[in-house]
Protein chains: 2
Amino acid sequence: MTRRPRTAPGTRKAGRRAAAATAAGVTIREVAQAAGVSVATVSRVVNGTAVVRDDTRHRVEAEVTRLGYSPNAAARSLITNRTNTIGVVLPDIWGEYFSEVIRGIDLSARQAGYHVLVSSSHSDVAETRDVLRTMHGRVDGVIVMSPHASPRELQGCLPPSLPVVFLNSAPGGAPHAALHVDNRGGARAMVAHLLGLGHRRLAFVTGPASNFDAAERRRGCRDALRTARLGPDAVSEFEGDFGEESGQVAGEAIVRLETRPTAIFAANDSMAIGVLFALRGAGVRVPEEIAVAGFDDIPIARFASPPLSTVRLDIRTLGERALARLLAEISGEGASQAVREVLPIRLVLRESTGDRDGDARTGPPRAASVSQIVINSSTVRRRKAS
Amino acid sequence: MTRRPRTAPGTRKAGRRAAAATAAGVTIREVAQAAGVSVATVSRVVNGTAVVRDDTRHRVEAEVTRLGYSPNAAARSLITNRTNTIGVVLPDIWGEYFSEVIRGIDLSARQAGYHVLVSSSHSDVAETRDVLRTMHGRVDGVIVMSPHASPRELQGCLPPSLPVVFLNSAPGGAPHAALHVDNRGGARAMVAHLLGLGHRRLAFVTGPASNFDAAERRRGCRDALRTARLGPDAVSEFEGDFGEESGQVAGEAIVRLETRPTAIFAANDSMAIGVLFALRGAGVRVPEEIAVAGFDDIPIARFASPPLSTVRLDIRTLGERALARLLAEISGEGASQAVREVLPIRLVLRESTGDRDGDARTGPPRAASVSQIVINSSTVRRRKAS
DNA sequence: ATCGCGTATGTAACCGTTTACATTGCAAAG
DNA sequence: CTTTGCAATGTAAACGGTTACATACGCGAT
């Protein structure tokens with residue numbers, strides 16, 4: 001009845017082998033046959049999981065290189081249940097901020113033998129969910145950077161078994177590790193510094209309303225004013241979106257004010273550069289008439305005109321730490337489940353606030369209150385290629 | 001003799017099922033059992049590969065969502081031989097240039113249902129090779145951006161069956177598709193413009209010696225001088241590395257010259273910004289005393305002081321095109337094997353060269369010689385988050 | 001000689017899918 | 001009533017590894 005006779009058990013293997021040879025990759029069976037050993041032995045040689053006699057090993061190794069064998073990742077992870085890949089979910093990738101994060105993660109990931117599956121540009125929670133779902137089974141763990149959605153909102157789509165580390169996200173009560181930079185403390189320190197310089201009328205250019213980092217920076221700004229016992233009318237706020245243009249718009253609005261502030265603090269460097277651009281266009285001298293400060297210390301900040309005072313984040317370290325936590329969690333040491341780690345910041349005072357120092361001077365004493373955790377943040381930024 | 005009795009054929013499946021239930025993910029078998037159908041039917045419902053009766057389908061779908069089933073990617077790609085993932089190999093990730101490339105690739109990749117596996121920071125060819133090897137079996141194709149290694153050098157580690165697209169790489173004779181931006185034509189057009197403004201003594205700040213983009217830009221610069229019948233002594237070259245600091249160093253060297261050039265062309269914007277910084281420090285007025293131009297049109301260029309004239313690359317489009325080519329190659333339409341596609345550039349003339357225009361004015365007529373291929377490059381750069 | 005044991009290697013189950021082919025049921029055609 | 005064909009579903013091989021267990025072998029102790 002059968003139209004095609006089923007391959008008899010004996011012929012089956014031979015058929016397999018022949019078929020595999022036509023496919024793209026060399027299989028472990030071909031290597032085994034060529035070396036005159038079993039697949040188990042080849043596997044042992046390739047993975048070094050057991051002792052193999054020297055001559056056998058040499059023979060296998062020779063065939064491996066001759067045939068250019070490379071184990072099929074899918075087959076391997078199917079049985080081992082590990083992919084050696086971690087996922088990185090970003091809201092979007094702009095400019096230097098995100099590339100530094102990816103860079104930090106990628107560098108340490110490769111060192112640890114992991115690959116990195118990125119996914120960016122998630123405008124909303126639904127999309128983030130979607131990505132998280134399709135990543136399932138492709139990754140051993142995920143680093144999620146979601147300034148708009150709190151961990152709680154993403155809870156549903158996270159298999160409870162999947163290790164996750166959140167980066168700069170709103171505290172969401174989820175039982176996951178979370179790292180963030182000390183946005184609030186950094187902003188507090190910078191505003192305190194400006195107040196220390198004698199400024200009493202400030203302007204603050206905010207980030208996007210829904211962004212958690214932005215919200216924290218605003219909080220830090222208000223903290224400092226409160227500590228100095230200044231009323232909320234000491235600062236006027238202008239809404240920005242973290243882009244240069246919004247900084248420019250805010251700067252233009254500020255110069256039109258009847259009583260101008262004497263200092264402007266922008267929630268990130270890009271906007272601060274937009275502010276500088278607007279002030280220059282209006283003929284306002286910085287820092288003599290108005291001081292300007294930013295946040296992030298992107299590489300270009302030193303080269304602004306005048307060089308921009310800012311709050312330095314060691315973003316690369318953030319990525320590295322995130323990976324370290326994730327790997328710890330993957331290897332099951334995730335006992336310390338809901339860890340929250342805060343990375344410290346440093347004030348970098350340059351000419352835009354009238355601090356005529358060159359670079360990297362540590363902030364005033366109160367910056368010490370920022371965080372206990374000390375991390376080697378002396379990495380020199382180098383950039384070399386196009 | 002056997003210490004443990006082998007599971008009889010009949011009990012095997014039951015054992016399997018039970019074991020699977022303990023593991024992390026829900027398997028297709030559990031769904032099948034719950035819905036009272038076979039695994040084949042579940043597969044058909046999930047993939048929509050065959051007609052299934054309505055009531056059966058509804059039952060299966062219900063169980064899928066109830067159990068939160070998501071197909072195991074490894075198992076699937078083992079049998080289908082497709083991973084729905086593409087690899088991106090970058091020399092390193094700095095600043096806005098690379099994040100734009102990744103962004104362009106990632107956006108179109110996700111739209112096409114693909115994931116992106118990135119790997120950056122490959123200082124040398126050996127490392128690139130290594131990465132390419134371990135990516136094998138994890139990706140359906142690779143986009144390689146390797147300004148230092150020519151495709152020929154990577155030939156050895158590329159399985160001939162793996163679709164590959166090179167980005168901005170030296171021409172290597174390899175039978176692979178290659179895209180690049182018109183570095184040479186762009187540089188030629190900018191220098192021609194400077195000459196058209198009357199400049200006769202130029203300085204050119206080069207990129208890293210081993211970088212192909214940098215070499216092309218230098219060639220374009222020389223082309224323009226030759227066309228204008230000016231001797232090679234009309235331009236003095238200063239070596240840079242694409243970082244701001246090297247631009248600053250070059251700028252400082254230039255102002256120390258006994259006879260200064262009247263225009264400086266830097267091989268990228270970062271260095272041009274370093275040059276501007278140096279000139280400002282030395283009290284040299286731009287563009288009155290010296291004109292300055294860059295290459296790339298990174299977002300910050302408009303906000304430089306003065307706003308920087310530059311050559312705009314639509315980097316995101318580059319990424320998109322690369323992905324499109326790769327997908328074509330993956331789906332077997334790679335008949336046009338050794339395609340070389342050149343993306344056009346545009347001159348963006350701002351104040352740093354004395355062109356008082358705002359933004360995005362198209363270059364002089366000769367820019368038309370740059371390339372025939374016209375691509376919608378009117379995308380407005382927007383940046384919103386931290 | 002036999003036994004026991006350790007070492008090196010082989011055999012085949014198993015991972016979770018997809019899919020070719022088999023099977024079943026039912027309606028229309030003969 | 002039997003045959004034929006089609007539609008819906010089931011069965012099990014196959015993907016390419018890893019690894020538990022089986023086996024073969026050599027060697028010293030009994």
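Because the structure is predicted, anything quoted here is derived from the model rather than measured. Every chain is numbered from 1 and lettered A, B, ... according to where its sequence line falls, protein lines coming before strand lines.
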Side chain of [X] only, heavy atoms from C-beta on: which candidate in [options] is closest?
| X | options | value |
| --- | --- | --- |
| A:A40 | C:dT11, D:dG10, D:dG17 | C:dT11 |
| A:S43 | D:dT18, C:dT17, D:dG10 | D:dT18 |
| A:S38 | D:dG17, D:dT18, C:dT11 | C:dT11 |

Round to the nearest Å and state the distance from [X] atom [atom1] to [N] atom [atom2].
| X | N | atom1 | atom2 | value |
| --- | --- | --- | --- | --- |
| A:R44 | C:dT7 | CZ | P | 14 Å |
| A:I79 | C:dT17 | CD1 | C1' | 14 Å |
| B:E30 | C:dT17 | CD | C1' | 14 Å |
| A:R29 | D:dG16 | CZ | P | 8 Å |
| A:R82 | C:dC14 | CZ | P | 23 Å |
| B:R76 | D:dG17 | CZ | C1' | 20 Å |
| B:N81 | C:dT19 | CG | P | 12 Å |
| B:I28 | D:dT9 | CD1 | C1' | 14 Å |

| field | Heavy-atom side-chain contact between A:T27 and A:V31 under 4.5 Å | value | no
Residues in side chain to side chain contact (heavy atoms under 4.5 Å, CB included) with [X], at least two apart?
| X | value |
| --- | --- |
| B:R53 | B:D55, B:T56 |
| B:V39 | B:I28, B:R29, B:A32 |
| A:D54 | A:R57, A:H58 |

| What parts of residues 48-72 of chain A reach DNA chain C, counting only heavy atoms under 4.0 Å away? | A:V51, A:V52, A:R53, A:T56
| said: Considering every strand and a 4.0 Å limit on heavy-atom distances, what is the contact class for B:T80: base, sugar-phosphate, or nothing? | reply: sugar-phosphate
| Which part of the nucleic acid does A:V39 contact within heavy-atom distance under 4.0 Å: base, sugar-phosphate only, or nothing? | base
| field | Residue list, side chain to side chain donor-acceptor pair (under 3.5 Å) with A:T85, at least two apart or on another chain | value | B:R138
| field | Counterpart residues, side chain to side chain donor-acceptor pair (under 3.5 Å), relative to B:Y69 (two or more places apart) | value | none
| task | Note the angle between the end axes of the helix from C:dA1-D:dT30 to C:dG30-D:dC1, five pairs defining each, rounded to 10 degrees. | result | 70°
What donor-acceptor contacts under 3.5 angstrom involve side-chain atoms of residues 44-52 of chain B, with partners at least two apart or in another chain?
residue: B:N47; atom: OD1; partner: B:R76; partner atom: NH2; Å: 3.3
residue: B:N47; atom: ND2; partner: B:S43; partner atom: O; Å: 3.1
residue: B:N47; atom: ND2; partner: B:S43; partner atom: OG; Å: 3.3

| message | Can you tell me if B:T41 touches the phosphate of D:dG10, counting only side-chain N or O atoms and a distance under 4.0 Å to OP1 or OP2? | response | yes
Donor-acceptor contacts under 3.5 Å from residues 59-66 of chain A side chains, at least two apart:
residue: A:R59; atom: NH1; partner: A:A35; partner atom: O; Å: 2.8
residue: A:E63; atom: OE1; partner: A:R66; partner atom: NE; Å: 3.0
residue: A:E63; atom: OE1; partner: A:R66; partner atom: NH2; Å: 2.8
residue: A:T65; atom: OG1; partner: A:E61; partner atom: O; Å: 3.4
residue: A:T65; atom: OG1; partner: A:A62; partner atom: O; Å: 3.0

| message | If the threshold is 4.0 Å, N to carboxylate O, is there a salt bridge linking A:E341 and A:R321? | response | yes
